[in-house]
Amino acid sequence: MMTLTILPGHSLSGVISLPGDKSLSHRAALFASLAAGRSQIENFLVSGVTTRLLEALTSLGIFWKLDGTTLTVEGRGLGGYSIPFAPINCGNSASTLRFLSGALAASGTPAVLDGSKGLRRRPMDRIIVPLQQMGVNVKGTAGCAPLSMGVSHLPLKGGIINTPVSSAQVKTCLLLAGLSAGEPVTIIEPGFSRDHTERMLAGMGVTINSEKTSANGSAQYQTHLIPPATRYSLKPLTMSLPGDFSSAAFLIVAAVITPGSEITLQNIGLNATRTGLLDVLLSMGASIQIAARPSRNGEPVGDLTIRHCPLKGVDISGEQVVRMIDEFPIFAIAAAFASGTSTVRDASELRLKESDRISGLCAELKAIGVSVDETVDGFSIHGKGAIQGGTVDPHGDHRLAMSLAVAGLASQQPITVLNSEIMQESFPEFTDVITRLGGALEDTPNLEPSHA
Ligand code: S3P
């Protein structure tokens, strides 16, 4: 167990590129395993959660090789998986479990999918019920992992599937299963979750499209996948992944709140279904310049230049929540340094992430002197333009850990993050990057027991 202490008073400056996007890395590795032939993926994110997926592919008989951050995968086509000898351990990674269940359904391969205590807490009925509707032989454990997948009769059924939550993990699972459906599949979600799967599968030769419609006065987002007369043969991938916007988010807020800072982040993925935080920070008065670059494999990419500047409070609700679903912990830090109150509504989904991101975030913000009120579906932060500092526990949540660490760059006293090794899950280079930009950190074994 490690403890990270961040010493305030050091401005950030420099130009850097970041490791590959987590969502794209998961998808590229998994989709490549279903393709007919060899894929090559550059700037692949090597981290805790992606390692789980790669290990899962090994247990399904897929050969892959990592050379630095270049991943080569020998795809065996839909139906090419071997039956694993043991339950597949997805660790803390809901993406791994939810995506794999769709790929296994398409492949018709029986397997048991399990994970950490934290992952077993997360809702899986949102994939189990629609997969069953498609004819997949899958059972959960009281709506959660472990999931048992038996042999399913192929082709699977298609039709219209309504999902009550806007979740790209659910959508991806169902689209992957839909690759082996015998008829078109339409997925309807209340908000437009990130569309990386649609873009990547389209590049692999899948007929897929999305549209915004309305029903009973509310917007709906429909994604249609059309299977061919014979089963899909997916084209292998050759791609270089952009830097992860969700990792960039920590550095963007770091530069905005730390006096004297100016940084440039190069080649960051700027898919509009992910960049809600940029719009929110701009509306708070942040100084962020965006320079577009040519898109990469259908994904928008650009450079971001961020300077320190004062912020004002903002309200967030509705569709904006989906576009920044992973960025609320770091948004909360920006809101604490802003002047005035910021309120988040319609975000109860945050309670079902790697931790309960509403209660955990509110508890740890209070521990460092932030005035915050918790609500059922969000929180209000009464920003004072400053944070006191102190010791925090990230509740086993990588994004909470990095957000609280960022607050320490500009707090009045240092911030100490206990159990900080959890950052390895999505951004193992976090401390190196902060140091390279001029931040001051001390990384030591845990000295105090966790208070979580
Ligand atoms: C992800 C989708 C999001 C996000 C997660 C990654 C993805 O989850 O929170 O970190 O890659 O599709 P939901 O779609 O379930 O909200």
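Since the structure is predicted, the reported quantities are computational estimates derived from the model, not experimental observations. Numbering of ligands and ligand atoms starts at 1, following listing order.
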Notebook entry, point to check: Would you call Arg194 a ligand 1 contact, heavy-atom distance under 4.0 Å?
Noted result: yes
Next item on the list: Report the nearest protein non-hydrogen atom to atom 10 (O) of ligand 1: residue, atom name, distance rounded to 0.1 Å.
Entry: Asp326 OD2, 2.9 Å
Item checked: From CA spacing to verdict: side chain to side chain donor-acceptor pair (under 3.5 Å), Ser193, Lys171 -> CA-CA 8 Å; Ser193 61; Lys171 183 170 60 177; 3.2 Å; yes
Check: Does any N or O atom in Ala168 lie less than 3.5 angstrom from one in ligand 1, N or O only?
Finding: yes
Check: For ligand 1, which part of Lys171 has a heavy atom less than 4.0 Å away: the side chain, the backbone, both, or neither?
Finding: neither
Notebook entry, point to check: With a 4.0 Å cut-off, would you call Glu183 and Lys157 a salt bridge?
Noted result: no
Check: Of His398, Lys353, Arg357, Glu349, which has the heavy atom at the shortest distance from atom 13 (P) of ligand 1?
Finding: Lys353
Notebook entry, point to check: Do the ring planes of Phe379 and Phe328 sit parallel (below 30°), tilted (30 to 60°) or perpendicular (above 60°)?
Noted result: perpendicular
Check: Is Arg351 salt-bridged to Asp356, cutoff N-O under 4.0 Å?
Finding: yes
Check: Does His196 reach ligand 1, in the sense of a heavy atom lying below 4.0 Å from it?
Finding: no
Note to self: So which atom in Thr343 and which in Ser380 form the shortest heavy-atom distance, rounded to 0.1 Å?
What the structure shows: OG1-OG, 3.0 Å
Note to self: For ligand 1 and Ser23, I'd like to know whether there is a polar contact (N/O to N/O, distance under 3.5 Å).
What the structure shows: yes
Notebook entry, point to check: Ion pair present between Lys212 and Glu189, side-chain N to carboxylate O less than 4.0 angstrom?
Noted result: no
Notebook entry, point to check: Is there a nitrogen or oxygen of Gln169 sitting under 3.5 Å from a nitrogen or oxygen of ligand 1?
Noted result: yes
Item checked: Heavy-atom nearest neighbour in the protein, as seen from atom 15 (O) of ligand 1, with distance rounded to 0.1 Å -> Ser167 OG, 2.8 Å
Item checked: Salt-bridge contact Asp195-Arg274 (side-chain N to carboxylate O under 4.0 Å) -> no
Margin query: By the definition side chain to side chain contact (heavy atoms under 4.5 Å, CB included), identify the one residue from Leu66, Leu71, Thr70 that meets it with Ile41.
Written below: Leu71
Checklist line | Heavy atom of Thr172, distance to ligand 1 below 4.0 Å | finding: no
Item checked: Top protein contact for atom 12 (O) of ligand 1, by heavy-atom distance -> Arg27 NH2, 2.7 Å
